[in-house]
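Each chain gets a letter, A, B and so on, in the order its sequence line appears, and its residues count up from 1.
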Number of protein chains: 2
Amino acid sequence: MPSTRLPILSMRQQICDALRGEIMAGEISSNEPVREQNLAKRFGVSRNSVRDALLQLSQEGVLIYSPNCGVRVGSPPTQKESRLYAKLRREIEMHSLEVTLSSWTKEDDCNLNRLQRILSAACEQRDLKAITETDLAMHRYWVSKASKELESVWLGITVRMLIAYSQLNNFMQCSLEHAAIVEAIACRDLSAAKKAVELNIRSK
Amino acid sequence: MPSTRLPILSMRQQICDALRGEIMAGEISSNEPVREQNLAKRFGVSRNSVRDALLQLSQEGVLIYSPNCGVRVGSPPTQKESRLYAKLRREIEMHSLEVTLSSWTKEDDCNLNRLQRILSAACEQRDLKAITETDLAMHRYWVSKASKELESVWLGITVRMLIAYSQLNNFMQCSLEHAAIVEAIACRDLSAAKKAVELNIRSK
DNA sequence: AATTGTACAATTGTCGACAATATGATTATT
DNA sequence: AATAATCATATTGTCGACAATTGTACAATT
């Protein structure tokens, strides 16, 4: 019997996560087209699985899809759009905290602490890609707990925001802010948690 | 040279639109699973195209996807969620109007008027499915004009809201509200347009 | 009788091949 | 020489088939 508790991620999901990480870290130019064949060879899977992943990322707003012409990386949001995204994110995460905090378990605490340790380490090493991914994973945790349907909406907004994330200057601040969030949640202090999350979500 | 001006919709898009309409109109139960094979036969296409469509609808939040177990129709949002969705929608549509109205063309007026006529007719005939679809198409018009990336975020929110739309009681009000929006836009009156849209978007 | 184990059917996941379409280079025409 | 038409290549769209997985009915065991 398999020892892993975690569900085995589908091929599509793995490719999605990998590409999303690279795009958010700015490793793929906004101009050069993304080719299905190349990715298929690179991941060692069929073009069909890659297509599914690209389609999903298009739906998330990370990639822009043009029929018969493939996909390209979406351009970063304007300042006005960034402010809008930040506002939407705050609304969703405030809602999620309100809904979930009452049924928060010790296991949730444990999971969140684990992510916080990863984030802290990534900040110390100035590993931008890891920081972005873990940051995303932490916020995603409480949103996902609130509602799977809401999660997909939230992801689209947040990923779009983080595309412009590349120039993060203060690494320690990022770690500290999330530590404050985790701490507030551990105390089941809703208003403190909301305040801490609200501070962390801002347009760059 | 081809005579059609409109872009030919991909198979996936056609299936998406059809299924989304049916789901929003409540024609598919929330319990019965959606089978790829059935849909493939029904639309006369391969299972692969259906898969793409189901995947996209899952990403929109209309369907819930479980690996190796297919998809099912998402459950309607709670009242608290509905209020959240309404708030998010208002924010996005206000933003879109602000951004687009200055570059609104006569062609846009024409397109919107056409949709309004369709909506009006659908309201008179009490055709709930047509009403929902046209309502969606109208709002989508200005959001899409503002930003393709924003559009996908908006669509996820709005479709989720409209799933619970089934019990629309006052058909004429719907038509009148949209007429007011179109009128305000035709006059390029931003604040009136914003007010009219804001009134129209509410949690049921 | 309840529980476990096993074979079977139904369904989703993945693949390679071919068709349709777009892009770019080449040739023919004025 | 400039432009238009044509062909060649590359890329995406679609398909049918097979592999992997899940759920279920049924038999074997205690």
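- No more than 12 heavy atoms of other residues, nucleotides or ligands lie within 6.0 Å of NZ in A:K87, so this atom counts as exposed by the packing criterion.
- Of the two residues contacting DNA chain C, namely A:G44 and A:N68, the nearest-nucleotide position lying further toward the 5' end is that of A:G44.
- Residue A:R35 has a polar side-chain atom (N or O) positioned under 4.0 Å from OP1 or OP2 of D:dT12.
- Atoms CD (A:Q56) and P (C:dG13) sit 12 Å apart, rounded to a whole Å.
- The pair B:R160-B:E60 fails the salt-bridge criterion, with no side-chain N (NZ, NE, NH1 or NH2) lying under 4.0 Å from an Asp/Glu carboxylate O.
- Counting any heavy atom pair closer than 4.0 Å across all strands shown, B:R51 reaches a base atom.
- The pair A:D189-A:K194 fails the salt-bridge criterion, with no side-chain N (NZ, NE, NH1 or NH2) lying under 4.0 Å from an Asp/Glu carboxylate O.
- Within 4.0 Å (heavy atoms only), A:V34 reaches sugar-phosphate atoms of the nucleic acid but no base atom.
- Which of D:dC15, D:dT22, C:dT14 sits closest to the side chain of B:N48 comes down to D:dC15.
- If you take CG of B:D52 and P of D:dC15, they are 11 Å apart, rounded to a whole angstrom.
- Following rounding to the nearest Å, B:R47 (CZ) and D:dA19 (P) show an atom-to-atom distance of 14 Å.
- Phosphate contact (OP1/OP2 of C:dC15, side-chain N/O of A:S49, threshold under 4.0 Å): present.
- The number of heavy-atom neighbours closer than 6.0 Å to NZ of A:K129, taken from other residues, nucleotides and ligands shown, is above 12.
- For the salt bridge (charged side-chain N to carboxylate O under 4.0 Å, His left out) criterion with B:R140, the lone passing option out of B:E151, B:E93, B:E133 is B:E151.
- Between the OH atom of B:Y65 and the P atom of C:dT12 there is a distance of 9 Å, given to the nearest Å.
- Of the candidate nucleotides D:dT12, C:dG13, D:dG23, C:dG13 has the atom nearest to the side chain of B:E36.
- Remark: P of D:dT14 and CG of A:L55 are 11 Å apart, rounded to the nearest angstrom.
- We find that CG of A:L63 is positioned 12 Å from P of D:dT12, with the value rounded to whole Å.
- When the nucleotides D:dC15, C:dG13, D:dT12 are ranked by their closest atom to the side chain of B:S46, D:dC15 comes out on top.
- Rounded to whole Å, the distance from CD on A:Q37 to C1' on C:dC18 is 14 Å.
- The separation between A:M11 atom CE and C:dG13 atom P is 14 Å, rounded to whole Å.
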